[in-house]
Asker: 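This is the structure, below, for whatever I ask next.
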Amino acid sequence: TLATPGINGETVTVDYTDPTAGDDTTATQDIAGNDAASLSNQAVTNNVPDMTAPSLVSAVTSSNGTTVILTYDESLDSANPPVAGDFVVNTDGTPVVITGVTISGSIATLTLASPVTNGEAVTVSYADPSVANDVNATQDIAGNDAASLSNQAVTNNVPDTTAPSLVSAATNGNGTTVMLTYDEGLDSANPPGTTDFVVNVDGTPVVVTGITVSGSTANLTLATPVTNGQTVTMDYADPTTGDDSNATQDAAGNDAADL
C-alpha cells in the first residue's frame, strides 16, 4: 500500500532486498520457506487510467488562411473526431463556414469555406457536446473530452502581400518638405533613396536632400522651399519590379507602386 497514490503516465519501479542470503523467517517466500530473489528497479505496469482532459496549447491559422489549427498538449482521438457544427470561427466578428474537421496527433484542423486574409481578427469557439465524455468530441485517446472554448483568439499567420497605396501628397506649411501619406505604416528602417524621387516646382526640378519615414508618411526634404501658388508635382520610381531592400514599402516589405 502506497502513502502517495501513483498517477497515470508515471514510470513506476520497485526494489526489494531479501533480508539475508539464507531463507529467512520473514521474507517474500513460498510456502516451503524459499526466499524470492532481491529486485532492482523492476518495472511496474502503471494501470492508473488517464483522467486528464487535453488542454489547448495554441490556435493559429495556416499561412494561406484556409485552416484554423488547434494544438493540444497530448494526442487526440482521430477515430472519433468532433463535428464541424461543434465549432464557430469568426473573422472580424463574422462567422465563417467550417467545411471539415480532421485530427492528426495532437492537432485538430478546421477547414474554412472562405480563407482568412491578413490583418483580420480571428476567434474560435468550441462546444463540448455534453458534460460527459462523448463518442465524438475533441478528446484524448482515453476519451477525456477537451473543455469548451469561447471566442478563443487565433493567431493570424496569413502574410501581408498588399502594397501600401498613396492617400495624399502635400507640402508642409513652410514649403521645405513634401509629405507623402500612405494607407498603412511604412518601413522606417529601410527607406527609399533620394534619387528615387523627382520633385518639380512650376516644371523645374528641385533637389531632394533627404528622406525620413515616420508611421505612414514619407517626408522629402527639399533644397529650395516651395512658395505659395507654385505648382508642385512628384515622381517616384520603385527601384525594381521586385520587393527591394530600400524602397517606399510597408513593414512586410511590399513595395509601393511608382508615381
Asker: V88 and V122: same hydrophobic cluster, using ILVMFWY side-chain contacts below 4.5 Å?
Answerer: no
Asker: Just jot down the side-chain contact (heavy atoms from CB on, under 4.5 Å) partners of N118, sequence neighbours excluded, or say none.
Answerer: V158, D160
Asker: Distance-only, no hydrogens or angles: does the D238 side chain make a donor-acceptor pair with backbone N or O of D258 under 3.5 Å?
Answerer: no
Asker: Determine whether L166 and V198 fall in the same hydrophobic cluster, where Ile, Leu, Val, Met, Phe, Trp and Tyr are linked whenever their side-chain heavy atoms lie under 4.5 Å apart.
Answerer: no
Asker: Who are the side-chain contact (heavy atoms from CB on, under 4.5 Å) partners of V167, not counting sequence neighbours?
Answerer: D183
Asker: Got L76 and T138 here, is their nearest side-chain heavy-atom distance under 4.5 Å?
Answerer: yes
Asker: Which is it for T204 and N200 under the side-chain hydrogen bond (donor to acceptor under 3.5 Å, both in side chains) test, yes or no, and what are the steps along the way?
Answerer: CA-CA 5 Å; T204 301; N200 286 292; over 6 Å; no
Asker: Which residues satisfy the ring pair (Phe, Tyr, Trp, His ring centres under 6.0 Å) test with F197, sequence neighbours excluded?
Answerer: Y236
Asker: Would you confirm whether N246, through its side chain, and P192, through its main-chain N or O, come within 3.5 Å as a donor-acceptor pair?
Answerer: no
Asker: I'd like to know if the side chain of D86 and the backbone of V83 have a donor-acceptor N/O pair within less than 3.5 Å.
Answerer: yes
Asker: For D235, check side chain to side chain donor-acceptor pair (under 3.5 Å) against everything at least two apart and list the hits.
Answerer: none
Asker: How long is the gap from CG on L186 to OG1 on T248, to the nearest 0.5 Å?
Answerer: 7.0 Å
Asker: OG1 of T233 to CG of D202: how many Å apart, nearest 0.5 Å?
Answerer: 9.5 Å
Asker: When you measure from the side chain of T61 to the backbone N and O of N157, does any donor-acceptor pair fall under 3.5 Å?
Answerer: yes
Asker: So if you build clusters from Ile, Leu, Val, Met, Phe, Trp, Tyr with side-chain heavy-atom gaps below 4.5 Å, do V60 and Y72 land together?
Answerer: no
Asker: Taking only residues two or more places apart in sequence, or in another chain, which ones meet T181 in a side-chain contact (heavy atoms from CB on, under 4.5 Å)?
Answerer: S168, S216, T217
Asker: At what distance, to the nearest 0.5 angstrom, does CG of L70 lie from CG of L149?
Answerer: 7.0 Å
Asker: For the atom pair OG1 (T71) and CD1 (I107), what is the distance rounded to the nearest 0.5 Å?
Answerer: 4.0 Å
Asker: I need the full list of ring-ring contact (aromatic ring centres under 6.0 Å, His included) pairs touching residues 96-120, with sequence neighbours left out, sorted by first then second residue.
Answerer: none
Asker: Output yes when a side-chain donor or acceptor of S38 lies under 3.5 Å from a complementary backbone atom of D18, and no otherwise.
Answerer: yes
Asker: For D196, which residues count as a side chain to side chain donor-acceptor pair (under 3.5 Å) partner, sequence neighbours excluded?
Answerer: none
Asker: Rounded to the nearest 0.5 Å, what's the gap from CG on L222 to OG1 on T176? Could you check?
Answerer: 7.0 Å
Asker: Can a donor-acceptor pair be found, under 3.5 Å and without considering hydrogens, that links the side chain of D244 to the backbone of T240?
Answerer: yes
Asker: Between CG of D243 and CG of D255, what distance do you get to the nearest 0.5 Å?
Answerer: 4.5 Å
Asker: Show, in sequence, the C-alpha distance, side-chain angles and deciding distance for M179 and N172, and conclude whether the side chain to side chain contact (heavy atoms under 4.5 Å, CB included) test is met.
Answerer: CA-CA 7 Å; M179 302 175 296; N172 63 351; 4.2 Å; yes
Asker: Does A137 have any side-chain contact (heavy atoms from CB on, under 4.5 Å) partners at least two apart in sequence or in another chain, and if so, which?
Answerer: Y126, D128, P129, D134, Q139, D145
Asker: Set out, in order, the CA-CA distance, both residues' side-chain angles and the distance that settles side-chain hydrogen bond (donor to acceptor under 3.5 Å, both in side chains) for N64 and S62, then state yes or no.
Answerer: CA-CA 5 Å; N64 63 6; S62 58; 2.7 Å; yes
Asker: Output every pair passing ring-ring contact (aromatic ring centres under 6.0 Å, His included) with a member in residues 31-69, not counting sequence neighbours, ordered by first then second residue.
Answerer: none
Asker: Pairs of donor and acceptor atoms involving the side chains of residues 1-14, under 3.5 Å and at least two apart or interchain, shall be tabulated with distances.
Answerer:
unit_1, atom_1, unit_2, atom_2, d
N8, ND2, V48, O, 2.8
E10, OE1, I7, N, 3.0

Asker: For a quick test of reading the model, state the closest non-hydrogen atom pair linking D50 to T52 and the distance between them.
Answerer: OD1-N, 2.9 Å
Asker: Can any side-chain N or O of D24 pair as donor or acceptor with the backbone N or O of T26 at less than 3.5 Å?
Answerer: no
Asker: Are the side chains of T171 and T177 in touch, meaning some heavy atoms are under 4.5 Å apart?
Answerer: no
Asker: List for me each residue that meets side chain to side chain donor-acceptor pair (under 3.5 Å) alongside N90, sequence neighbours excluded, and say none if there are none.
Answerer: none
Asker: Between T67 (side chain) and I69 (backbone), is there a donor-acceptor pair under 3.5 Å?
Answerer: no
Asker: Taking side chain to side chain donor-acceptor pair (under 3.5 Å) as the test, write out the residues that go with D30, two or more places apart.
Answerer: N34
Asker: Does T117 offer a backbone N or O that forms a donor-acceptor pair with the side chain of E120 under 3.5 Å?
Answerer: yes
Asker: Donor-acceptor pair, distance only, cut-off 3.5 Å: does the side chain of S130 make one with the backbone of A132?
Answerer: yes
